[in-house]
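Everything on this sheet refers to the single structure shown next.
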2 protein chains.
Amino acid sequence: MAPDSKPATGVDSADPRSARHPRRPDLSRSRILDAAVAEFSQKGFAGARVDEIAAQAQIGKRMLYQYFGNKGQLFQAVIEKVYTDIWEAEASLDLQNLPPRDALVALVTFVWRYYIAHPEFTKLLNEENMLGARHFRSSKVLREGSVKSQFLTEQVLARGVADGTFRPDIDPVQLCLTKNAICYYYLMNHATSSHVYGRKLMTREALEARLAFNIETILAIVLAK
Amino acid sequence: MAPDSKPATGVDSADPRSARHPRRPDLSRSRILDAAVAEFSQKGFAGARVDEIAAQAQIGKRMLYQYFGNKGQLFQAVIEKVYTDIWEAEASLDLQNLPPRDALVALVTFVWRYYIAHPEFTKLLNEENMLGARHFRSSKVLREGSVKSQFLTEQVLARGVADGTFRPDIDPVQLCLTKNAICYYYLMNHATSSHVYGRKLMTREALEARLAFNIETILAIVLAK
DNA sequence: GGTATAAGTAACTGATTGGTCACATGACTG
DNA sequence: CAGTCATGTGACCAATCAGTTACTTATACC
């Protein structure tokens, strides 16, 4: 056991004071990034503190600036990470083997559960929009990755139209936006909403009820009469 | 004409240097509040600068603190203002004279147009949620006002159920949340979304198309088969 | 018209914060 | 095994910012 307060995180985590300098550049980099995701998502860009990120990553501020340049570029790296993460998860859904209706339900369910499991994504998406999508725009990775993200919904919708389960006149972009919206808004604004509607919104039952309602909503939109 | 750079804004706007101090307490207060709404909505709570608010209100920082106490209380006043504003506008809709279906369409249309006309509302709602609805909770005005806000949708829904146009099993809270969500998300996150979907989302045509889609969505949810 | 007081200003302060510097150390290379 | 450079540390700096103080001026009241 470590003699003092050091909680011994990670694999070997040599105490930086006694057995100095573990020397793990890429691990340090990813620790900084993880800490930055947490800090930025909790406090927003302006509210986030670089020192706090460095402390959370158990690293000197110096290295943070060495790896990421400045606060803004670090934020950009954070945005890139969370977007590529969700796109990767989305891509591994393997919807082709499901009938269109089930595939669409799976897509809604995925977004819902992902937003719940990764509240930092919605928070950061939100913050990035407050900043006018500045970092999104200037990121090559994101510009390229975004192309194939919408492709998923488009494919499912097209298959459903082809076999007659879905209406032929649905704009996939509108559908996708609505799918994200009904998940995002509920989770993002539950704090005020729970007061406005006088109801607990984040209990397990409430979350399941909302998922069911959202699935119903999406199906109501696309299902042929 | 004023001899120097002072642009002489407002009704009499005596130059503070020569014909000093117009002495308008309540007007000063409302000017501070307006400036605060703009500043907080554009930059968030942490990003907003008290000095900037004071400058924008053309007033010394001193008065700002005299009237509102501190930055946090000023933010609370801002939240109270924008919420009471939207509730007031909503209440003046006079939906009772419309058949349920039209009333619901009017409700969706109202939210859509209000969010477009008052982007500061969505931004501030968002910010308040990032802060855990702290100010909302501690505001008597808001706790009381929120009660009758949901009443509107409930009434319309109940009337529609009574006359058979609407399904009887719709949860008004879920419906209300969805109605707000599909308007809010589109307008709030258009910056990133326009890149993800490679489409202009804020043109006049795009906005009208979205409103039409949103109305369709809400009707698809509630309309009896 | 004179005086008390609210409305207003400008300069200041203590604390915070993004960013940098001088310097230490350990791993890899020849 | 010696030199070198990436990895890392803690102290430091200049700027910013929320909040305050000392002081000035217009209005209201008598």
Side-chain angles (χ1 to χ4, degrees), chain A residues 6 9-33 35-36 39-40 42-78 131 135, chain B residues 4-6 9-33 35-36 39-40 42-78 131 135:
Chain A
K6 189 118 294 190
T9 53
V11 277
D12 68 329
S13 87
D15 183 283
R17 203 69 45 153
S18 57
R20 313 276 291 225
H21 307 299
R23 205 50 62 92
R24 277 304 204 353
D26 47 350
L27 192 141
S28 292
R29 196 182 192 280
S30 82
R31 275 227 305 265
I32 294 172
L33 204 51
E39 177 76 0
F40 280 127
Q42 282 164 32
K43 310 193 188 156
F45 180 74
R49 299 293 159 234
V50 175
D51 297 77
E52 185 56 32
I53 294 171
Q56 211 61 39
Q58 296 186 53
I59 213 165
K61 228 184 346 172
R62 169 68 201 277
M63 296 324 290
L64 189 153
Y65 281 100
Q66 171 127 349
Y67 286 133
F68 294 98
N70 59 33
K71 196 184 181 184
Q73 287 171 269
L74 176 57
F75 187 77
Q76 169 148 343
V78 162
L131 269 43
H135 310 89
Chain B
D4 60 13
S5 63
K6 190 115 291 187
T9 54
V11 276
D12 68 328
S13 87
D15 184 287
R17 204 69 43 153
S18 55
R20 315 273 294 223
H21 307 302
R23 207 49 62 94
R24 275 305 203 352
D26 48 350
L27 193 141
S28 292
R29 208 190 121 92
S30 82
R31 275 228 305 266
I32 295 171
L33 204 51
E39 178 76 0
F40 280 127
Q42 282 163 32
K43 310 194 190 156
F45 180 75
R49 299 293 160 232
V50 175
D51 296 76
E52 185 57 31
I53 294 172
Q56 211 61 39
Q58 296 185 49
I59 214 166
K61 225 182 354 170
R62 168 67 201 276
M63 296 324 291
L64 188 152
Y65 281 99
Q66 171 127 347
Y67 286 133
F68 294 97
N70 59 33
K71 194 183 182 184
Q73 287 171 269
L74 177 57
F75 187 76
Q76 171 150 342
V78 162
L131 269 43
H135 309 89

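Note that the coordinates shown come from a computational prediction; the quantities given were computed from them, not determined experimentally.
Of the candidates D:dG19, D:dG8, C:dG19, the closest approach to any side-chain atom of B:Lys61 belongs to D:dG19.
The interatomic distance linking A:Phe40 (CZ) with C:dT17 (C1') rounds to 13 Å, in whole Å. Taking atom CZ of residue B:Arg29 and atom C1' of nucleotide C:dG8, one finds them 17 Å apart after rounding to whole Å. Look at OH on B:Tyr65: it is 19 Å from P on C:dA7, rounded to the nearest Å. A:Arg49 places its CZ atom 11 Å from the P atom of D:dC17, with the value rounded to the nearest Å. As a whole-Å value, the separation of B:Asp51 CG from C:dA11 P is 13 Å. As rounded to whole Å, 11 Å separates atom P of D:dT7 from atom CD1 of A:Ile32. Here the C1' atom of nucleotide D:dT24 and the CE atom of B:Met63 are 13 Å apart, to the nearest Å. Between B:Leu64 atom CG and C:dA6 atom P there is a gap of 19 Å when expressed in whole angstrom units.
Using a 4.0 Å heavy-atom criterion, one finds that A:Arg62 contacts the bases of the nucleic acid, with or without backbone contacts as well. Within 4.0 Å (heavy atoms only), A:Ala48 reaches sugar-phosphate atoms of the nucleic acid but no base atom.
The backbone N or O of A:Ile59 sits nowhere less than 3.5 Å from a side-chain atom of A:Arg62 that would complete a donor-acceptor pair. Side-chain atoms of B:Lys61 never come within 3.5 Å of backbone atoms of B:Ile53 as a donor-acceptor pair (strictly under, hydrogens ignored). A:Glu39 places no side-chain N or O within donor-acceptor distance of the main-chain N or O of A:Glu52, the cut-off being under 3.5 Å.
Checking the phosphate oxygens (OP1, OP2) of C:dA7, no side-chain nitrogen or oxygen of B:Ser28 falls inside 4.0 Å.
Using a 4.5 Å heavy-atom cutoff, the side chains of B:Phe40 and B:Lys71 are in contact.
Between B:Ile59 and A:Phe45, the residue anchored closer to the 5' end of DNA chain C is B:Ile59, taking for each the nucleotide with the nearest heavy atom.
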